[in-house]
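Data first, discussion second: the structure below is written as structure tokens.
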Amino acid sequence: MNFLQKKTTWANTELIYLKLCIACAYLLIGGYFHNFVKENWKPILVLFIFNLLWSLILWVKKMKREN
């Protein structure tokens with residue numbers, strides 16, 4: 001399991017998608033009881049999944065480039 005022990009450097013522009021993914025997760029968890037988020041949880045969930053997948057794709061590309 002050396003995959004999780006590799007060290008990489010990230011530029012701020014590369015972290016945008018990861019930060020958006022985390023922000024969407026916070027909205028889903030923290031706003032669970034709020035009416036607005038309750039009514040609009042599907043678009044937030046879609047945005048979260050898209051950003052999660054995009055972050056993973058960028059991470060894998062970066063890992064392949066460094067090795």
Side-chain angles (χ1 to χ4, degrees):
M1 290 290 297
N2 289 336
F3 181 71
L4 297 175
Q5 296 176 353
K6 301 269 185 188
K7 293 187 177 182
T8 62
T9 56
W10 288 73
N12 285 334
T13 55
E14 293 172 328
L15 288 174
I16 289 172
Y17 297 105
L18 182 62
K19 290 177 182 180
L20 281 174
C21 178
I22 292 169
C24 290
Y26 281 141
L27 281 176
L28 284 173
I29 294 168
Y32 178 74
F33 297 105
H34 192 271
N35 289 334
F36 177 76
V37 177
K38 268 188 175 177
E39 294 171 2
N40 298 312
W41 67 273
K42 288 180 184 177
I44 295 172
L45 184 63
V46 169
L47 185 63
F48 168 72
I49 292 171
F50 172 76
N51 284 316
L52 175 68
L53 292 175
W54 191 256
S55 298
L56 290 174
I57 289 169
L58 287 176
W59 185 24
V60 169
K61 280 184 182 178
K62 191 167 198 64
M63 295 296 285
K64 284 182 181 179
R65 210 176 18 196
E66 288 184 0
N67 292 333

Gap separating the CZ atom of F48 from the CD1 atom of I22, nearest 0.5 angstrom | 9.0 Å
Are L15 and L47 in one and the same hydrophobic cluster, where Ile, Leu, Val, Met, Phe, Trp and Tyr link if side-chain heavy atoms are under 4.5 Å apart?
-> no
Applying the 4.5 Å side-chain criterion to the ILVMFWY set and letting contacts propagate, would L18 and F50 be lumped into a single cluster?
-> no
With sequence neighbours left out, the residues meeting ring pair (Phe, Tyr, Trp, His ring centres under 6.0 Å) with Y17 are W54
Nonpolar side-chain network containing I16, other nodes, edges under 4.5 Å = L20
Partner set under side chain to side chain contact (heavy atoms under 4.5 Å, CB included) for L56, not counting sequence neighbours = L52, W59
What pair of heavy atoms forms the shortest contact from I44 to C24, and how long is it?
-> CG2-O, 3.8 Å
